[in-house]
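Comments concern the structure below.
Because the structure is predicted, anything quoted here is derived from the model rather than measured. Residue numbers start from 1 in every chain, and the chains themselves are labelled A, B, ... in the order their sequence lines are given, proteins ahead of strands.
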Protein chains: 2
Amino acid sequence: MQTATSKASLSVANSAAPYGLRVVENCADCSARQKTLFCRMSVETMRELNMIRQTALYPASAVLFVEGEMPRGLFVLCSGEAKLTAGSKQGEAIILRLVEAGELLGLSSLIAGSSYAATAETLTPAQVAFIPARKFQRFLRTHPDVALRVAEHLSMELHKSWEQARLLALAPSTRSKLAQLLLEWANEHGKTEEEGVCVPFHMTHEEIGRIIGASRETVSRLLSDFKRRRLIRVKGSSVYLVPEELRAAAI
Amino acid sequence: MQTATSKASLSVANSAAPYGLRVVENCADCSARQKTLFCRMSVETMRELNMIRQTALYPASAVLFVEGEMPRGLFVLCSGEAKLTAGSKQGEAIILRLVEAGELLGLSSLIAGSSYAATAETLTPAQVAFIPARKFQRFLRTHPDVALRVAEHLSMELHKSWEQARLLALAPSTRSKLAQLLLEWANEHGKTEEEGVCVPFHMTHEEIGRIIGASRETVSRLLSDFKRRRLIRVKGSSVYLVPEELRAAAI
DNA sequence: CCCGGGCTGTGATGCGCATCACGTTGTTCG
DNA sequence: CGAACAACGTGATGCGCATCACAGCCCGGG
């Protein structure tokens, strides 16, 4: 039943929840749904979708699928975080995109009928719903409006990808790339507090480097420098930052 | 009727063909159609599509749409070549993608209902069909199978974009990026001849630099070097290259 | 025809960042 | 609770490529 491989052992819904996760049994109850492809669906359609999905729980750094495999279905990240990476033969890999709760994994490859262009791996313990390819395709054919929403969704993904390319290619320096990345994160997940914008932060310097195309050491040095200049302040696993000042640093 | 702005003057189908282009009157006769989104459509569907499209001719380096504008329709590049670029405030721009005859321009923004994320500009004289947004949306709603093909198409675009990111980020040197770019072009448009693979070549060193993120001078130097090492040979506006050797150079 | 503007080749110079190297601080286990 | 390992901080060094500078080149237009 399961196509996914995992570094760690695999676990299935309805077992006693491991990894400290609470399992959401029904898509209709899922708080993440509002943000996704499947928002604004009729109750009836929702029920249909609920019928054809299976749920699994994964630990952190579990591999959902690997670049080059053929897709056997669609993954929905119900909770937790994941990353999409692309590797070279020599083993290095870049992070193409971070994926948050409510987002889909592997949609484009499934739709295009081609092999996965990236590897998906969880960053935190995560609940993941799986919809087998056949059933999803039948669902699409019987719900033309959803097909259009899929197209919309893919368009937005494409734009994000271009945005990323712009970030990487147009920034004059690594310093600027890092500053812009922080600002982007602040925009997406930041909460404004009196000290500045607070951003949760569970990513190693190594991984940040793989996003902006820099070495671990450079990321380390730049972050130190940002701290020294009071552009950011680290508290536990959160970063407080002052958007205006940081933007200025992103020459 | 026209939304496009252009550095040069605008011209409309049925006028005496300027820019040395032959005008294709009917989509069904278009040789580029086979490769596109609209291949394998029924004659009837094709006729419908033909009804709602308008054709225009543009000179080289005409701007079809600009980053930030709202899309007013879909462009189909019937003949010629174009590029998609993304710019920074400071005026620099990168080339996100080259677009060939038969491909679509602005599909993702139209579908997503968002403003253009890139600027489209012709590289050669080109014939362009235009389908107004409203009519295209109606067409999509009445042809659910086409909506799915649109999704497929967008998926492939997304994969190309990732492929580009991989090229840029994983290559160890500019030298390698350039070699890989040439190989990619050889794959897509190359014709194998006795001298090696022949690739048509109408792009300045400056523009190549904007694709791989390098300066004009570096591109110049690297190409010279490739010539010296007999990895490529320039003849007129074509490049002959030996894939195997070049691949080796792409350390 | 020759003149001017865009493209191209190639040197000299300097800076940014990868890389190596090593010490320090967490953090997860038996 | 301490061992073992991963993530972090920071110095020294060198290479790659941007940048500046200027000299041929090709082509179209007055």
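For B:Ile212 and D:dA18, the CD1 to C1' distance is 13 Å, given to the nearest whole Å. In this entry the distance linking CG of B:Leu222 with P of C:dG9 reads 12 Å, nearest Å. Atom P of nucleotide C:dA18 and atom CZ of B:Arg175 are separated by 20 Å, given to the nearest angstrom. Rounded to a whole Å, the CG atom of B:Leu223 is 9 Å from the P atom of C:dT8. With rounding to whole Å, A:Leu178 atom CG is found 16 Å from C:dG16 atom P. Rounded to whole angstrom, the span from the CE atom of A:Met203 across to the P atom of D:dA7 amounts to 12 Å. If you measure from atom CG of A:Asp225 to atom C1' of C:dG16, you get 14 Å, rounded to the nearest angstrom. Counting to the nearest Å, the C1' atom of C:dC7 and the CZ atom of B:Phe201 are 13 Å from each other.
Among the atoms of the strands shown, base atoms are found under 4.0 Å from some heavy atom of A:Ser220. Among the atoms of the strands shown, base atoms are found under 4.0 Å from some heavy atom of B:Ser215. When heavy atoms are screened at a 4.0 angstrom cut-off, A:Gly209 is found touching no nucleic acid atom at all. Residue contacts shown for B:Lys227 are limited to sugar-phosphate atoms, with no base heavy atom under 4.0 Å away.
For B:Glu184 and B:Lys177, the salt-bridge test fails: no basic side-chain N is under 4.0 Å from an acidic carboxylate O.
Map A:Gly213 and A:Arg216 each onto its nearest nucleotide of DNA chain C; the residue landing nearer the 5' end is A:Gly213.
Not one side-chain nitrogen or oxygen of A:His205 sits closer than 4.0 Å to the OP1 or OP2 atom of D:dA6. Checking the phosphate oxygens (OP1, OP2) of D:dG16, no side-chain nitrogen or oxygen of B:Ser173 falls inside 4.0 Å. Here A:Thr218 reaches the OP1 or OP2 of C:dA18: one of its side-chain N or O atoms lies under 4.0 Å away.
Rounding to the nearest 0.5 angstrom, the gap separating the CG atom in A:Leu96 from the CD1 atom in A:Ile94 is 4.5 Å. Taking CG of B:Leu178 as the reference point, atom CG of B:Leu223 lies at 5.0 Å (rounded to 0.5 Å).
Two residues are said to be in side-chain contact when any heavy atoms from C-beta on lie closer than 4.5 Å; B:Arg230 and B:Glu245 fail this criterion.
Counting atom types as modelled, A:Arg221 pairs no side-chain N or O with a base atom of C:dG16 as donor and acceptor under 3.5 Å. On a pure distance criterion of 3.5 Å, no polar donor-acceptor pair joins the side chain of A:Glu217 and the base of D:dC8. Residue side chain B:Arg228 does not reach the base of C:dT10 through any donor-acceptor N/O pair under 3.5 Å, judged by distance alone.
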B:Arg210/B:Glu206 under salt bridge (charged side-chain N to carboxylate O under 4.0 Å, His left out): CA gap, chis, key distance, verdict: CA-CA 6 Å; B:Arg210 288 188 187 291; B:Glu206 175 80 35; 3.3 Å; yes
